[in-house]
Structures are given as structure tokens and as C-alpha cells.
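Structure, as C-alpha cells:
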Amino acid sequence: MSEVLIYNLGGGQVLGRVSLGHAIRMLHRRVAAVREAVEGETFGPYQRPVSVELVRYVHTRWVYERTGRVPYSRAALLRRDRHRCAYCGQPATTMDHVVPRCQGGATTWLNAVAACEPCNSAKAGRTPQEAGMTLRSRPFEPVLADVYPHGKR
């Protein structure tokens, strides 16, 4: 039986796998959209999905409770860093890979920080050292209270 990978909205968090039939029902109900499809194959009116992405963000406290780890997502990263740029301290709206993806850096808690658009653009595809920039705080893997400081989940 074929399985389909499910991503949360934004694509940064894998929620699990479901059967192809379940994924097609999700597409039909419009709770998910095809993220990656098998080239040239369809399942009824839909491209045959390899992965789907939810159309609304699902808060995943259950993942934390099951694993003891906060699932990585762009929104959670911005909350962890209090929406402040790790380079200049100004309000942050984007995330930056400390070791850029083009240099083999991964999208993980320990390699990502919140950044303002000017700093993110100035750093570009370089490490902070290569760009002559200093991190004001080191990236860390948060606990639930770091991401949801007032118990909101």
C-alpha cells in the first residue's frame, strides 16, 4: 500500500504518513494540497501525491507530549526568538540558516534563527563569520515554555 507524507502548513514540520486513500480524501475535503506528486500519475481528478501540505496550521502539542521535543516550524522559531533579529535585535519577520542551506546547513533548531529582512539579505548565502556579522544569541532547541510562554497551545 502506498503512503503519503503529511506536512503542516509552511512545510517545515512533518506530521506523519497516511494511506493514499486517506490523502485523496484530504485533498477532496480541501484540508490539504499536493506538495509533491508522482510525475504523470493521477488518482481520479488529483495528481497522485507523494506528500501533501495542510491548508491550515495545526498546533501540535501532541507531538511534544509524545516525543518530549517541540516540533520545528518557522512560526515556532519566531516565537522562540521573541520575533527579534538574532543579528541586530530589530523586529524579525523571517528566519535565517546560520550555516546556509547552500553550504549544507540543515533546517533545525540549532541552525536557524529569527532575522529581520535587511540582515537576512545582507548575510545572504554566507555564514555569520563570512558576512562579518555577530549572532546576539545562539540558537537552541526550545522546551514548550520557550515557544508558548503563557501556556497557549
Side-chain angles (χ1 to χ4, degrees), residues 1-86 91-117 119-121 123-128 135 137-153:
M1 178 166 62
S2 182
E3 288 192 325
V4 178
L5 200 57
I6 306 251
Y7 286 89
N8 211 343
L9 179 66
Q13 178 185 18
V14 174
L15 297 177
R17 294 179 178 274
V18 295
S19 69
L20 177 59
H22 187 125
I24 295 300
R25 288 189 297 276
M26 291 174 74
L27 295 173
H28 182 72
R29 291 189 334 261
R30 296 186 177 145
V31 298
V34 175
R35 178 180 167 97
E36 182 183 4
V38 176
E39 187 71 33
E41 287 191 36
T42 59
F43 193 95
Y46 306 101
Q47 294 175 297
R48 183 180 173 147
V50 173
S51 63
V52 296
E53 184 174 326
L54 298 181
V55 297
R56 291 186 182 197
Y57 185 80
V58 175
H59 291 280
T60 54
R61 182 177 179 193
W62 58 271
V63 173
Y64 177 78
E65 290 170 346
R66 185 177 60 193
T67 66
R69 301 179 76 185
V70 177
Y72 177 90
S73 71
R74 181 181 172 276
L77 174 82
L78 290 170
R79 284 194 301 272
R80 178 199 73 180
D81 292 354
R82 306 291 182 254
H83 294 272
R84 291 286 164 201
C85 179
T93 56
T94 65
M95 59 84 59
D96 178 64
H97 292 87
V98 178
V99 175
R101 290 175 52 197
C102 64
Q103 292 187 28
T107 303
T108 65
W109 287 116
L110 300 179
N111 190 47
V113 293
C116 65
E117 290 184 29
C119 285
N120 203 346
S121 294
K123 183 175 162 289
R126 302 175 290 175
T127 65
L135 277 171
S137 59
R138 308 299 295 163
F140 64 96
E141 186 163 345
V143 295
L144 202 59
D146 295 323
V147 177
Y148 300 103
H150 302 293
K152 297 177 186 171
R153 288 173 184 84

Show me the donor-acceptor pairs, under 3.5 Å and distance only, between side chains in residues 99-107 and residues at least two apart or in other chains.
from	atom 1	to	atom 2	distance (Å)
Gln103	NE2	Gly125	O	3.1
Gln103	NE2	Glu130	OE1	3.0
Thr107	OG1	His97	NE2	2.7

Exercise. Verify side chain to side chain contact (heavy atoms under 4.5 Å, CB included) between Val38 and Gln47, making sure each step is shown before the conclusion.
Key: CA-CA 7 Å; Val38 176; Gln47 294 175 297; over 6 Å; no
Exercise. Taking the side chain as every heavy atom from C-beta outward, state whether Leu27 and Val34 have any pair of such atoms under 4.5 Å apart.
Key: yes
Exercise. May I ask you to decide if Val143's main-chain N or O and Asp146's side chain share a donor-acceptor pair within less than 3.5 Å?
Key: yes
Practice problem: Give a yes or no on whether the backbone of Pro45 and the side-chain of Thr42 come within a donor-acceptor separation of less than 3.5 Å. | Solution: no
Quiz prompt | Arg126 side-chain N/O to Lys123 backbone N/O, donor-acceptor pair under 3.5 Å | solution = yes
Quiz item: Just wondering, do Thr93 and Glu117 contact through their side chains at under 4.5 Å, heavy atoms?
Solution: yes
Quiz item: Looking only at atom types and distance, does a side-chain atom of Arg82 sit under 3.5 Å from a main-chain N or O of Arg79, one as donor and one as acceptor?
Solution: yes
Exercise. Determine the minimum heavy-atom distance between Val98 and Pro128, stating which atoms define it.
Key: O-CD, 3.3 Å
Practice problem: Taking all non-hydrogen atoms of both residues into account, name the closest pair between Arg56 and Asn8 and its distance. | Solution: O-OD1, 3.9 Å
Exercise. Scan for side chain to side chain donor-acceptor pair (under 3.5 Å) pairs involving residues 30-39, sequence neighbours excluded, and state none if there are none.
Key: Arg35-Glu53
Quiz prompt | Test log, rule side chain to side chain contact (heavy atoms under 4.5 Å, CB included), inputs Tyr7 and Val52 | solution = CA-CA 6 Å; Tyr7 286 89; Val52 296; over 6 Å; no
Quiz item: Which pair of non-hydrogen atoms, one from Asp81 and one from Ala114, has the smallest distance, and what is that distance?
Solution: OD2-N, 2.8 Å
Self-check item: Nearest heavy-atom neighbours spanning Leu77 and Ala112
Solution: CD1-O, 3.5 Å
Quiz prompt | Close side-chain approach of Pro142 to Arg80, heavy-atom, < 4.5 Å | solution = yes
Quiz item: What is the distance from atom CZ of Arg25 to atom OG of Ser19, rounded to the nearest 0.5 Å?
Solution: 5.5 Å
Exercise. Using modelled atom types only, decide if a donor and an acceptor are shared between the side chain of Asp96 and the backbone of Asn120 within a distance under 3.5 Å.
Key: no
Quiz item: Of the non-hydrogen atoms in Trp109 and Tyr72, which two are nearest, and what is the gap between them?
Solution: CZ2-CA, 3.5 Å
Quiz item: Can you check whether Cys116's main-chain N or O pairs, donor with acceptor, with Arg84's side chain at less than 3.5 Å?
Solution: no
Exercise. Please indicate whether His28 has more than 12 foreign heavy atoms, meaning atoms of other residues, nucleotides or ligands, lying under 6.0 Å from its NE2.
Key: no
Quiz prompt | Approximate separation, where rounding is to 0.5 Å, of Leu15 CG and Leu54 CG | solution = 5.5 Å
Quiz item: Which pair of heavy atoms, one from Pro49 and one from Val4, lies closest together, and at what distance?
Solution: O-CG2, 3.5 Å
Quiz item: Going through the distances and angles, do Tyr46 and Ile24 end up as a side chain to side chain contact (heavy atoms under 4.5 Å, CB included)?
Solution: CA-CA 8 Å; Tyr46 306 101; Ile24 295 300; 4.0 Å; yes
